[in-house]
Amino acid sequence: MEKMDFQSLLDTFGVPLKVYPKQEAGGEYDNKGVWVKKEADEVTALEVSEPFIPSSLQTKLPVQGNYRGGGRIEEFEMVWFSSQVVPLKSIVVHNGVSYSVEDSIPYTDYSNVTQYGCKAVSAFVRE
């Protein structure tokens with residue numbers, strides 16, 4: 001079976017993003033289990049133009065949400081559809097706000113797309 005190529009859709013609906021893949025070496029986990037990169041490490045940003053949409057717009061797509069007594073709880077602020085393969089805890093920057101990649105759904109068995117769930121790690125635009 002030939003894989004489906006969604007690159008033209010990713011390009012059509014893409015927005016500019018900077019992606020900082022999590023470094024597997026040159027850092028350590030703190031006592032909360034969060035990866036802390038050493039300052040000496042140089043991380044090269046990937047600049048891509050791919051769909052990065054608010055999670056709340058995905059009500060008709062397969063999403064990861066929980067239904068509880070108080071209503072629906074969204075797991076992520078943003079969902080990123082990408083042809084990139086990046087490790088969890090990578091950082092995606094859009095409009096000056098940083099997001100951490102917290103989940104991935106690889107559709108790579110039959111396409112060139114992976115869906116990532118992203119949580120904001122900075123609340124304000126950095127200049």
Side-chain angles (χ1 to χ4, degrees):
M1 180 173 117
E2 188 175 328
K3 288 188 177 187
M4 293 181 273
D5 184 8
F6 289 101
Q7 192 61 48
S8 64
L9 284 173
L10 296 177
D11 292 341
T12 300
F13 297 104
V15 296
L17 303 171
K18 280 191 178 180
V19 181
Y20 296 90
K22 178 184 150 224
Q23 299 297 297
E24 297 298 331
E28 61 188 5
Y29 289 96
D30 67 9
N31 58 358
K32 295 179 183 175
V34 176
W35 181 259
V36 179
K37 180 178 71 78
K38 290 183 180 173
E39 291 301 319
D41 290 347
E42 288 294 321
V43 178
T44 304
L46 302 171
E47 294 194 21
V48 298
S49 179
E50 296 178 327
F52 195 69
I53 60 173
S55 179
S56 60
L57 293 178
Q58 279 206 282
T59 56
K60 296 192 175 21
L61 297 174
V63 299
Q64 299 218 344
N66 293 322
Y67 292 89
R68 305 238 170 113
R72 184 167 193 264
I73 299 172
E74 298 265 342
E75 299 264 338
F76 313 111
E77 284 84 17
M78 302 296 279
V79 176
W80 172 34
F81 292 94
S82 180
S83 61
Q84 308 298 315
V85 177
V86 298
L88 297 181
K89 302 296 184 184
S90 295
I91 299 296
V92 179
V93 179
H94 176 60
N95 289 337
V97 179
S98 297
Y99 299 86
S100 173
V101 174
E102 297 294 319
D103 187 45
S104 70
I105 302 172
Y107 299 115
T108 52
D109 283 347
Y110 50 86
S111 75
N112 60 338
V113 174
T114 300
Q115 177 182 329
Y116 295 100
C118 301
K119 284 189 174 185
V121 291
S122 67
F124 303 103
V125 175
R126 294 184 191 166
E127 299 286 331

S.K.: State which residues pass side-chain contact (heavy atoms from CB on, under 4.5 Å) with Phe13; sequence neighbours excluded, sorted by chain then number.
M.R.: Leu9, Pro51
S.K.: Say you draw a straight line from NZ of Lys119 to CG of Asp103; how long is it, rounded to the nearest 0.5 Å?
M.R.: 10.0 Å
S.K.: How close do Ser111 and Tyr107 get, heavy atom to heavy atom, and via which atoms?
M.R.: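 The pair with the smallest heavy-atom distance is OG-O, 2.8 Å.
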S.K.: How close do Ser90 and Pro87 get, heavy atom to heavy atom, and via which atoms?
M.R.: OG-O, 2.6 Å
S.K.: Please enumerate all residues that pass side-chain contact (heavy atoms from CB on, under 4.5 Å) together with Asp11, with sequence neighbours excluded.
M.R.: Gln7
S.K.: Under 4.5 Å between any side-chain heavy atoms of Val48 and Gln84, yes or no?
M.R.: yes
S.K.: Quick one: does Met78's side chain get under 4.5 Å of Pro54's, heavy atoms only?
M.R.: yes
S.K.: Locate the shortest heavy-atom distance separating Asp109 from Lys3; write the atom from each residue and the value.
M.R.: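 Smallest heavy-atom distance, with atoms named: O-CE, 3.8 Å.
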S.K.: List the residues meeting side-chain contact (heavy atoms from CB on, under 4.5 Å) with Lys18, not counting sequence neighbours, and say none if there are none.
M.R.: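 Tyr20, Glu47, Val93.
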S.K.: Under the rule for salt bridge (charged side-chain N to carboxylate O under 4.0 Å, His left out), what residues qualify as partners of Glu50, not counting sequence neighbours?
M.R.: none
S.K.: Which heavy atom of Cys118 sits nearest a heavy atom of Tyr99, and at what distance?
M.R.: CB-CB, 3.8 Å
S.K.: Look up atom CZ in Phe6 and atom OG in Ser83, then write down how far apart they are to the nearest 0.5 Å.
M.R.: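 It is 12.5 Å, given to the nearest 0.5 Å.
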S.K.: Among residues at least two apart in sequence or on other chains, which ones pass side-chain hydrogen bond (donor to acceptor under 3.5 Å, both in side chains) with Glu102?
M.R.: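 For Glu102, the residues satisfying side-chain hydrogen bond (donor to acceptor under 3.5 Å, both in side chains) (neighbours in sequence not counted) are Lys89, Ser100.
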S.K.: Can you give me the closest heavy-atom contact between Gln115 and Val79, atom names plus distance?
M.R.: CG-CG1, 3.6 Å
S.K.: Where do Ser104 and Leu88 come nearest, in terms of heavy atoms and distance?
M.R.: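 Of all heavy-atom pairs spanning Ser104 and Leu88, the closest is N-CD2, 4.1 Å.
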S.K.: Sequence neighbours left out, what passes side-chain contact (heavy atoms from CB on, under 4.5 Å) with Val85? Give chain and number order.
M.R.: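 Per chain and number, Val85 pairs via side-chain contact (heavy atoms from CB on, under 4.5 Å) with Tyr116.
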